[in-house]
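To find a chain, count down the sequence lines: A is the first, B the second, and so on, and within it residues start at 1. Remember, predicted model here, so these are calculated numbers, not experimental data.
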There are 2 protein chains.
Amino acid sequence: MSDKQHIVELLAAHGIIPTRQRIDLAHILLAKPQHLSAEQLMEAAWADGDHHVSKATVYNTLNLFVERGLIREIIADPTKSFYDSTTTEHGHLYNVDTGELMDIPASGNHPGLLAALPEGVTPIGVEIVVRVKNSC
Amino acid sequence: MSDKQHIVELLAAHGIIPTRQRIDLAHILLAKPQHLSAEQLMEAAWADGDHHVSKATVYNTLNLFVERGLIREIIADPTKSFYDSTTTEHGHLYNVDTGELMDIPASGNHPGLLAALPEGVTPIGVEIVVRVKNSC
DNA sequence: GTCAGTGCAAACCCTTTGCAGAAAG
DNA sequence: CTTTCTGCAAAGGGTTTGCACTGAC
């Protein structure tokens, strides 16, 4: 299907050798804007595909995708990472009770961040982290 | 010393029963604006105090302090948490190479976040997480 | 004397790693 | 063929937990 072909080209464009497992995982991840934990992706792959993907391969693949800029790692929960299929800059809303991670459609306007909270939730705090690395 | 007395009152004001270990840890944490990991706090307590504080107590105490709003937990690294003695709203700069966590003095003005980076570092990305909980 | 806090070690959980077998070109 | 990826299981590391002991009032 052309869908798979598109994924193959996308992986190649990011310098990633397309293997069956990587294509399956990318297919699930990039299907729509979403945030999946490693575990959720594993379960989705297991449910969706006819193929088997091991835990190690899921983690290896996620790290590779993040490194190559195909997806973004979101550090919102100290116990697990989320992976975001949307790589453009945007904020997130994390519900510590439900473990739900949502996009914040708003701009980077700080005071506006808390303006449009969903109903039924109470803000705990806003965290802004600029991640940097040594230049060389 | 009046310093310790001040800590005792601060803990009590947050509904925390002041014990020797909690006073010691609070004394180290709140001495100045800083970000310490659990491990760093443990080492500081071991070096600084004449008393012994166990690992379990350090973690229990940190969680209690965060819960009571005495300090803030900073989730910048997927492998460990940092604890911030400054509870007012401000951003952070995290160097993934050195593990160094710094305050961003700037306001919440988003475009300004990347303006005043220290020398020798390259930005990887900006992450904004609004943490919420269910209202009841 | 009672209740909460502390300490030790073991358990936990997510993530990474080592290495043998499989796959791709 | 040769190189890279995959899978399994075991290791790793920060954090939490169970339970007996200690300490405060």
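- Protein atom CD of A:E39 is 16 Å distant from nucleotide atom P of C:dC12, rounded to whole Å.
- Between A:Y83 and A:N63 the shortest side-chain heavy-atom distance falls below 4.5 Å.
- Surrounding CD of A:E43 are more than 12 heavy atoms belonging to other residues, nucleotides or ligands, all under 6.0 Å away.
- When each of B:P18 and B:Y59 is assigned the nucleotide of DNA chain D bearing its nearest heavy atom, the one mapping closer to the 5' terminus is B:Y59.
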Can you check nucleotides 7-9 of chain C for protein contacts, nitrogen or oxygen pairs under 3.5 Å, and list what you find?
from: C:dG7; atom 1: OP1; to: B:Q21; atom 2: NE2; distance (Å): 3.1
from: C:dG7; atom 1: OP1; to: B:H52; atom 2: O; distance (Å): 2.8
from: C:dG7; atom 1: OP2; to: B:S54; atom 2: N; distance (Å): 3.1
from: C:dG7; atom 1: OP2; to: B:S54; atom 2: OG; distance (Å): 3.4
from: C:dG7; atom 1: OP2; to: B:T57; atom 2: OG1; distance (Å): 2.7
from: C:dC8; atom 1: OP2; to: B:H52; atom 2: NE2; distance (Å): 3.0

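- Across B:H52 and B:W46, no two heavy atoms sit closer than the pair ND1-CD1, 4.3 Å.
- Scanning both residues, A:I75 and B:V129, for their nearest heavy atoms gives O-CG2, 4.3 Å.
- Between A:H35 and A:H92, the angle of the ring planes goes over 60°, which puts this pair in the perpendicular group of the 30/60° scheme.
- Separation of atoms OG1 (B:T19) and CG (B:L11) is listed at 8.0 Å; rounding is to 0.5 Å.
- For A:R22 and C:dA22, the CZ to P distance is 19 Å, given to the nearest whole Å.
- Residue B:S81 is in sugar-phosphate contact alone, with no base atom involved, counting any heavy-atom pair closer than 4.0 Å across all strands shown.
- Contact of the A:I23 side chain with the A:V8 side chain is registered, since non-hydrogen atoms from C-beta on lie closer than 4.5 Å.
- In the hydrophobic clustering of ILVMFWY residues, with side-chain heavy atoms under 4.5 Å counting as a link, A:I128 and B:V132 come out together.
- Per the geometry, CG belonging to B:D77 stands 12 Å off P belonging to C:dT15, to the nearest Å.
- Between A:L11 atom CG and C:dA24 atom C1' there is a gap of 15 Å when expressed in whole angstrom units.
- With a cutoff of under 4.0 Å to any heavy atom of chain B, the contacted region of DNA chain D is bounded 5' to 3' by D:dG14 to D:dT17.
- As rounded to whole Å, 13 Å separates atom C1' of C:dT16 from atom CE of A:M42.
- Separating the CG atom of A:L41 from the P atom of C:dC14 is a distance of 15 Å, rounded to the nearest angstrom.
- Both B:N63 and A:I17 lie close to DNA chain D; mapped to their nearest nucleotides by heavy-atom distance, the more 5′-ward contact belongs to A:I17.
- Heavy atoms only, all atoms of each residue included: B:M102 and B:P118 are closest at CE-CG, 4.4 Å.
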